[in-house]
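Remarks on the structure that follows.
Predicted model, so just to flag it, every value in this text is computed and none were measured.
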Amino acid sequence: MRPGISGQALTSGSVPGDESYPPEKLVSYDPVWAERFAVLRHDLTRALGAEWRVEHVGSTSVPGLVAKPVIDLAISVPAGRDLPAAVDAFLDLGWVGPAETGDHEAFFLYERGVRSAIAHVFTAAQWPCAHVRLFAAWLRSHAEDRENYAAVKRGLVAHGTWGRDYTEAKRAFVQDVVNRARSARGLGPVTL
């Protein structure tokens, strides 16, 4: 056991590695992703409680953007609550985790051994500036950055970069966009 975002001990399920990514890699935007997110949000808020914020983030939340077909969700732990008390609710719904992913915890959902969703969980204090939220919102309203991000993604896949290497190779682009989004809100830069 290790401390989680609340400082309390969390237990983790086994989180598969790169081999669990969908074989399709990048696909064209699919409106079904919004429907899939709505189902996931419904199930999570029913299990966790209506005070938990659940938002669609990641490339599948950006109309017109190519994406790996994995739904990303940003979830806010309500003020005065903590993640360890909610772990069983995630596990009961079939999520695996939590796993530490930088400044937050994440849960993963698999269908037939293939990753289908990632839930990025943030504290109430982190929520307003959660980088996954800022990045997705920026891409939804800035067509040039959205197109540039698609080009970066396609280029990486064309050169055989995938899995954790793919995520790492996009980091500089993501950080630049996040810091521009933070600057637009009067916030200083961060390192992802």
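By the salt bridge (Lys or Arg N to Asp or Glu O under 4.0 Å) test, Arg154 pairs with no residue at all, sequence neighbours left out. For Ala117, the side-chain contact (heavy atoms from CB on, under 4.5 Å) partners two or more places apart in sequence, or in a different chain, are Leu40, Ile71, Leu73, Trp95, Leu109.
Residues Pro98 and Val87 are in side-chain contact: their nearest non-hydrogen atoms beyond the backbone lie under 4.5 Å apart. Between Val62 and Phe135 the shortest side-chain heavy-atom distance does not fall below 4.5 Å. In this structure the side chain of Glu100 reaches within 4.5 angstrom of the side chain of Glu105, judged on heavy atoms. Contact of the Val178 side chain with the Trp138 side chain is not registered, since no non-hydrogen atoms from C-beta on lie closer than 4.5 Å. With contacts defined as side-chain heavy-atom distances shorter than 4.5 Å, the pair Leu65/Leu139 qualifies. When side chains are defined from C-beta on, Lys153 does not count as touching Val157, because their heavy atoms never get closer than 4.5 Å. In this structure, Ser61 and Trp33 have side chains that are not in contact, with every pair of non-hydrogen atoms separated by 4.5 Å or more.
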So Phe107 and Ile75, side chain to side chain contact (heavy atoms under 4.5 Å, CB included) or not? Walk me through it.
CA-CA 10 Å; Phe107 289 85; Ile75 300 176; over 6 Å; no
Please lay out, stage by stage, how His42 and Val39 fare under the test side chain to side chain contact (heavy atoms under 4.5 Å, CB included).
CA-CA 5 Å; His42 171 77; Val39 170; 5.7 Å; no
What do the steps show when you test Glu51 against Arg81 for side chain to side chain contact (heavy atoms under 4.5 Å, CB included), and what is the final call?
CA-CA 10 Å; Glu51 68 277 10; Arg81 304 274 301 276; 2.2 Å; yes
Can I get a per-line list of side-chain donor-acceptor pairs under 3.5 Å for residues 183-192, giving both atom names and the distance, sequence neighbours left out?
unit_1: Arg185; atom_1: NH1; unit_2: Pro128; atom_2: O; d: 3.3

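Under the 4.5 Å side-chain heavy-atom criterion for ILVMFWY residues, no single connected hydrophobic cluster contains both Leu134 and Val57. Phe108 and Val114 fall into different hydrophobic clusters, defined by Ile, Leu, Val, Met, Phe, Trp and Tyr side-chain heavy atoms under 4.5 Å apart, directly or through other members.
Legend: ring-ring contact (aromatic ring centres under 6.0 Å, His included) pairs involving residues 163-192, not counting sequence neighbours, sorted by first then second residue: Tyr149-Phe173, Trp162-Tyr166. Among pairs with a residue in residues 117-141, those fulfilling salt bridge (charged side-chain N to carboxylate O under 4.0 Å, His left out) read Glu55-Arg133, at least two apart in sequence or across chains. Among pairs with a residue in residues 29-40, those fulfilling salt bridge (charged side-chain N to carboxylate O under 4.0 Å, His left out) read Arg36-Glu111, at least two apart in sequence or across chains.
Between Phe37 and His56, the ring-plane angle classifies as parallel under the 30° and 60° cut-offs.
Taking the six-membered ring where the residue is Trp, the centroids of His131 and His104 are separated by under 6.0 Å.
Atom CD of Glu144 is surrounded by 12 or fewer heavy atoms from other residues, nucleotides or ligands within 6.0 Å.
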